[in-house]
Each structure stands twice: as structure tokens, then as C-alpha cells.
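Here the structure is laid out as C-alpha cells; the discussion comes afterwards.
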Amino acid sequence: MKWTNSKEQYKRFIMLLGTILIAAVHTAMFACLWYNYYANRELTDMRKYFKYFYFYRRGHWTIIVLYALVLILFMKVLGGFRVGYLRNLDVLYSQILSVCATNAVEYLQLALIAKRWKFLWFSSPMLALSLLQIIVGVIWIIAMRSIYARLYPPHEMLLIYGDISPKALIHKLQSRGDKYQVKETIHLKEGINKILERIAEHESVIIGDIPSHERNEFLKFCFQNNIRCYSVPKISDIMITSASEIDLFDSPLLLFRNQGMTFGQSFLKRTMDIAIGLTGCILASPVMLLIAIAIKLYDGGPVLYSQERITKDGRPFRIYKFRSMIVESEKRGARLASEHDDRITPVGKVIRRLHVDELPQLFNVLIGDMSFVGPRPEREEITREYEQSIPQFRFRLKVKAGLTGYAQVYGQYNTVPYDKLKLDLTYIENYSLWLDLKLILLTVKILFQKEKSEGVEDSQKTALKTPPAMEQQSK
């Protein structure tokens with residue numbers, strides 16, 4: 001067992017070295033540019049500024065260290081270091097965004113230090129640096145992915161399931177065959193003793209959505225025998241993760257306040273919504289104008305589409321979006337967009353693909369009907385339909401609906417309601433201002449990911465797939 005633990009620590013150390021390497025290389029490339037170009041430009045008075053300080057040379061190191069810190073921050077948030085965990089293209093996309101964001105921040109900093117805004121026109125070296133860093137990033141990803149594959153071969157797993165079909169879960173695991181391989185499945189009806197025997201013969205186990213009593217038996221067995229174990233969380237599990245520990249007695253207690261956000265959190269969140277809403281409206285106004293012209297020229301119909309949705313505590317409000325479908329698209333009743341929906345116009349396909357059809361919701365954020373980050377606003381009739389099979393679906397209404405959110409970032413447009421509820425509850429129960437900022441940054445990352453905007457299947461009117469009886473048994 002000691003050898004197993006040492007081996008695992010060795011693997012993590014190797015991956016940590018790789019992470020340190022790419023951060024150091026990117027920082028060193030910027031340092032070379034700084035010393036050989038920006039720090040010596042005659043058009044700036046930075047060197048004169050530094051000479052007034054006894055330790056002026058340390059100012060150079062300050063610039064470089066700040067660059068490294070900003071780079072690491074963006075890489076951590078966007079997933080630029082997560083080789084093996086994310087797909088190669090996702091890691092590359094994360095690195096591109098991280099490098100570009102870091103260099104933009106650093107360039108603005110240099111312009112402010114120089115005290116001359118015409119310094120902004122000398123951007124070619126920084127653009128060249130970004131391109132070289134992206135090339136280096138590609139090489140690093142390929143090399144580290146090869147190392148990761150040797151250190152961490154796919155886990156051969158036993159999947160335990162109950163009355164809910166495991167097909168959807170297996171399909172998701174198969175999409176990452178480089179990490180997970182389901183070698184065997186076993187139904188709960190086989191009995192706890194037989195399942196425990198099968199668990200002992202596998203290096204990894206994944207427990208599906210089964211009753212808590214049986215699941216706890218398997219979790220304890222895996223814990224006792226140091227077997228890697230994955231488990232599909234229940235709604236109550238998500239609530240437990242946010243509980244506070246009470247250490248007043250010799251018996252541990254968990255406190256569930258269930259009061260939503262504090263006054264301070266609500267104030268900061270609203271302040272951030274107003275600031276982002278105003279900034280977003282100003283910066284996006286040229287884009288919104290072009291979209292409006294394109295929609296009008298295509299069929300002459302209205303530019304905006306208005307629909308009633310519900311937000312915090314079930315309060316209805318009118319949401320505004322750029323119209324991406326034909327006029328009177330819902331004359332046969334309300335339904336979500338499907339994969340091959342013939343109601344979507346050519347202009348609509350483009351703006352939905354880029355998610356810019358939702359830009360008018362910035363005005364919903366400004367007037368207070370929505371927050372910038374929160375659960376996706378649903379229609380009342382669709383919410384009622386979901387509640388017939390998932391009574392807890394209304395738990396999402398403890399906070400305002402959001403333009404983006406946890407379920408929007410980590411889920412998809414066609415994510416089933418039960419999983420969407422879990423994602424939204426994860427956000428609600430773990431809310432923090434930092435989480436909001438992180439989700440905003442990650443939203444930029446998913447804008448061009450096609451799977452995030454894929455509609456439901458053509459045979460569906462809503463995202464509900466699982467028969468109600470099976471959903472109820474999973475609670």
C-alpha cells in the first residue's frame with residue numbers, strides 16, 4: 001500500500017513539474033521581450049522613472065513576477081494546465097485564451113506605466129509573443145499528453161446501477177475512453193454481497209443513481225479497501241457539501257442554513273451586475289446593431305423576441321433576445337429548439353452558435369429581473385412539466401435567473417432537467433463572488449464550443465428524457 005501511495009505521489013509530482021515548466025517558459029519569453037524591447041524603448045520614460053528609486057532594478061522583476069501571477073491565475077481558472085483531465089483541444093483553447101488575456105492585461109499595465117497612450121500602438125511585439133507562446137503551448141500539450149497517457153492509463157471500471165438505465169452514463173464515459181473504460185456492469189438486484197465481491201476484483205468503481213442505503217455500503221467498502229470510487233451525486237449530497245461544521249460538542253453536527261445569499265453577498269452581486277451590464281451594453285452596442293440589421297434584412301420581421309420566463313421565487317418577467325427563429329415559431333405550442341429545427345433562420349443559426357442572440361438580456365440584468373450569473377430562466381409551463389417528475393426542480397428559484405451560470409458552463413443546452421438541477425444547486429449552495437467571476441471567465445471559453453448550443457432531439461419538446469417513474473426512484 002505504501003508503494004501504491006508513493007507511486008501516485010510520483011505521478012502527481014511529474015505532472016506538477018510539467019505545469020511549472022510551461023508557466024516558467026511563458027514567463028521567460030515575456031521577460032526576454034521586456035528586457036530587449038519595452039524596457040529599452042526611448043519613447044517611454046520608464047527607465048527614468050525607475051532611476052529615482054534606490055532599488056530601481058527590482059522594478060523589472062516586479063513586472064515579470066506580476067506577469068507570472070496573472071498567467072497562472074488565468075491558466076488555473078480556464079483550465080490551461082489540465083492536460084489529461086480535459087480534451088487536448090479544450091486545453092489548447094484554454095491556453096490560447098489564458099495567454100491572450102494575460103498579454104492584454106500586461107500590455108495595458110505597460111501603457112499605464114509609460115504614461116503615454118501612444119505606447120498602445122506598439123503592439124506588434126506583444127502579438128508576436130502571443131503567437132510564439134501558443135506554438136510552445138501546442139508542443140507542451142502534445143508532450144504532456146503523451147506523458148499523462150503513460151502515467152495514467154484508462155481506469156477499468158465496474159458500474160453499479162439500479163432501476164435507472166446506465167446507457168446515458170456509459171455513453172458519457174465512452175466519450176472519454178482515454179480516461180474511463182467500463183469493463184463490467186452489474187444490477188443492484190444481484191445483491192450487496194455479490195456486488196462487493198465484484199468490487200474487490202476491480203481497480204475502480206462507479207456507482208450510479210441508486211438508493212442511499214446500498215450506495216453507502218459500497219462507499220464504505222471502497223474506502224476500507226482503498227479502491228477508487230466515483231458516485232453520481234444526489235440532490236441531498238450537493239446540499240451536504242455546503243453545510244457548516246459545528247464543533248461545540250463531541251458529536252459532529254452539520255448546519256444547513258437554507259437562507260440563500262446574505263445581504264452582503266446580494267449587495268455585491270447586484271453591484272457587479274450593474275457594472276457588467278453597463279459595460280457590456282456599451283461594448284456590445286456595435287455588435288447588437290449589426291445583428292439587428294441582419295435580422296431585419298433577412299425577413300423584415302421584428303428584431304427582438306420577447307417571452308415570459310420566471311426568476312427568483314417564481315416571479316414572472318419578460319426576457320428579451322434577438323429573434324433567431326421564424327415569426328410565429330411557437331404557434332403550435334411552446335418547445336425548446338431541436339437539433340434540426342427548421343424554425344431557426346440562417347441568421348439565427350449564426351447568432352445562436354455564437355450565443356450573441358442573448359445580448360439583449362443585458363438590459364434584463366440592468367433592470368434587476370436577472371443576474372449576470374445564475375440558473376437559466378425557464379418558462380413557467382416547462383417548469384411545471386419538469387416538476388411533475390422532479391418536484392425539487394423549483395429549488396433553482398432560490399436565486400435570480402442568470403445570463404450565464406454553472407449549468408450553462410458545465411452543462412449543455414439539451415442537458416436533462418435532473419442534471420441541470422444538480423448543477424444549479426451546486427452553484428446556489430456554494431455561491432461566492434469568486435465563483436461568479438470564475439464562471440464569467442469560463443463563459444468566454446464555451447462561446448465557440450458547438451456542443452454547448454446543440455438543441456434537444458427532434459422528437460422532444462423539452463429536455464426531459466427520463467420517464468417520470470424512473471426520475472422519482474432516483475431521489
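FYI, side chains are in, hydrogens and waters are out, and symmetry mates aren't considered; it's all heavy atoms of this structure.
Side-chain atoms of M29 and W34, non-hydrogen and from C-beta on, never get closer than 4.5 Å to each other. Within the 4.5 Å cutoff, no side-chain heavy atoms of L73 are placed close to those of L69. At least one side-chain heavy atom of H187 sits under 4.5 Å from a side-chain heavy atom of D163. Between C229 and I207 the shortest side-chain heavy-atom distance falls below 4.5 Å. Using a 4.5 Å heavy-atom cutoff, the side chains of F393 and Y418 are not in contact. Side-chain contact between Y161 and T185 is present, with at least one heavy-atom pair separated by less than 4.5 Å. Side-chain atoms of Q109 and E106, non-hydrogen and from C-beta on, do get closer than 4.5 Å to each other. Side-chain contact check for W434 versus V77: some heavy-atom pair is nearer than 4.5 Å.
Applying the salt bridge (Lys or Arg N to Asp or Glu O under 4.0 Å) rule to pairs touching residues 277-289 yields nothing, sequence neighbours excluded.
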Distance-only donor-acceptor pairs under 3.5 Å for side chains of residues 260-282, two or more places apart:
unit_1, atom_1, unit_2, atom_2, d
T262, OG1, Q265, N, 3.2
Q265, OE1, T262, N, 3.1
S266, OG, T262, O, 3.0
K269, NZ, S371, OG, 3.3
K269, NZ, V373, O, 3.0
K269, NZ, Y427, OH, 2.8
K269, NZ, D436, OD2, 2.7
R270, NH1, V365, O, 2.7
R270, NH2, L366, O, 2.6
T271, OG1, F267, O, 2.8
D273, OD1, S371, OG, 3.2
D273, OD1, F372, N, 3.0
D273, OD2, S371, OG, 2.8
T279, OG1, A275, O, 2.8

Identify every side-chain donor-acceptor pair in residues 138-160 under 3.5 Å, counting partners at least two apart or on other chains, and give the distances.
unit_1, atom_1, unit_2, atom_2, d
W140, NE1, G18, O, 3.0
R145, NH2, D178, OD2, 2.7
Y148, OH, K179, NZ, 2.9

>> Checking L78 against Y93 for the side chain to side chain contact (heavy atoms under 4.5 Å, CB included) test, could you report, in this order, the C-alpha distance in whole Å, the side-chain angles of both residues, the deciding distance, and whether it holds?
In response: CA-CA 9 Å; L78 296 174; Y93 189 28; over 6 Å; no

> Which is it for K445 and S94 under the side-chain hydrogen bond (donor to acceptor under 3.5 Å, both in side chains) test, yes or no, and what are the steps along the way?
Replying inline: CA-CA 7 Å; K445 177 182 174 181; S94 299; 2.8 Å; yes

> Under the side chain to side chain contact (heavy atoms under 4.5 Å, CB included) criterion, do V205 and F218 qualify, and how do the steps go?
Replying inline: CA-CA 9 Å; V205 175; F218 303 143; 6.0 Å; no

> Checking side chain to side chain contact (heavy atoms under 4.5 Å, CB included) for the pair L397/T311: CA distance, chi angles, key distance, verdict?
Replying inline: CA-CA 6 Å; L397 303 180; T311 186; over 6 Å; no

>> Applying side chain to side chain contact (heavy atoms under 4.5 Å, CB included) to M325 and R352, what does each step give before you reach the verdict?
In response: CA-CA 10 Å; M325 294 187 177; R352 289 173 71 93; 4.2 Å; yes

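For K321, the salt bridge (Lys or Arg N to Asp or Glu O under 4.0 Å) criterion is met by D357, not counting sequence neighbours. Take R228 and apply the salt bridge (Lys or Arg N to Asp or Glu O under 4.0 Å) test, not counting sequence neighbours, and it matches no residue. Listed by chain and number, the residues in a side-chain hydrogen bond (donor to acceptor under 3.5 Å, both in side chains) with D313 amount to none (sequence neighbours excluded). With sequence neighbours excluded, the residues that form a salt bridge (Lys or Arg N to Asp or Glu O under 4.0 Å) with D299 are R323. Partners of K172 according to the side-chain hydrogen bond (donor to acceptor under 3.5 Å, both in side chains) rule, which considers only residues two or more places apart in sequence or in another chain, are D419. Applying the side-chain hydrogen bond (donor to acceptor under 3.5 Å, both in side chains) criterion to E184, with sequence neighbours excluded, gives R198, H202. A search for salt bridge (Lys or Arg N to Asp or Glu O under 4.0 Å) contacts involving K422 returns D209, not counting sequence neighbours. Every residue two or more places apart in sequence or in another chain was checked for a side-chain hydrogen bond (donor to acceptor under 3.5 Å, both in side chains) with S432, and none qualifies. Residues satisfying the side chain to side chain contact (heavy atoms under 4.5 Å, CB included) criterion with L304, sequence neighbours excluded, are F322, P360.
Within 6.0 Å of CD1 on I367 lie more than 12 heavy atoms contributed by other residues, nucleotides or ligands.
At distances below 3.5 Å, not a single donor-acceptor pair connects side-chain atoms of R343 with backbone N or O atoms of I326. Proximity of a side-chain donor or acceptor of K420 to a complementary backbone N or O of P375 within less than 3.5 Å is not detected. Judged by distance alone, the side chain of T415 and the main-chain N or O of G411 form no donor-acceptor pair under 3.5 Å. Remark: side-chain polar atoms of Q95 are not paired, donor with acceptor, to backbone N or O of G137 under 3.5 angstrom. Put simply, the side chain of R396 gets close to the backbone of R376: a donor and an acceptor are under 3.5 Å apart. No donor-acceptor distance shorter than 3.5 angstrom exists from the side chain of E308 to the backbone of F317, with no hydrogens or angles considered. N430 contributes a side-chain N or O that, together with a main-chain N or O of T426, makes up a donor-acceptor pair within less than 3.5 Å. In terms of modelled atom types and a separation under 3.5 Å, the side chain of Q408 and the main chain of G374 share a donor-acceptor contact.
Taking 4.0 Å as the cut-off between side-chain N and carboxylate O, K398 and D424 do not count as a salt-bridged pair. A salt bridge is absent between D369 and K400: the closest approach of a Lys/Arg side-chain nitrogen to an acidic carboxylate oxygen does not fall below 4.0 angstrom.
Side chain to side chain, R394 and Q392 fail the donor-acceptor criterion of an N or O pair below 3.5 Å. Side-chain contact of Y305 with Q307: a donor-acceptor pair under 3.5 Å is present, judged by distance alone.
Between P377 and G402 the shortest heavy-atom distance is CD-O, 3.6 Å. Contact record, A23 with I72: CB-CG1, 4.4 Å, taken as the closest heavy-atom pair. Across all non-hydrogen atoms, the minimal contact from T27 to A68 is OG1-CB, 3.6 Å. Closest approach of V99 to H26, counting heavy atoms only: CG2-NE2, 4.1 Å.
The CD atom of E380 sits 4.5 Å away from the CZ atom of R384 when rounded to the nearest 0.5 Å. Between the OH atom of Y406 and the NZ atom of K438 there is a distance of 7.0 Å, given to the nearest 0.5 Å. One distance of note links CG of L92 with CZ of R87; it measures 14.5 Å at 0.5 Å rounding. Interatomic distance, CD1 of I295 versus CD1 of I351, reported as 4.5 Å (0.5 Å rounding). Distance check: I206 CD1 to L169 CG gives 4.5 Å after rounding to the nearest 0.5 Å.
Ring pair F30/Y67 is parallel by interplanar angle, where below 30° counts as parallel and above 60° as perpendicular.
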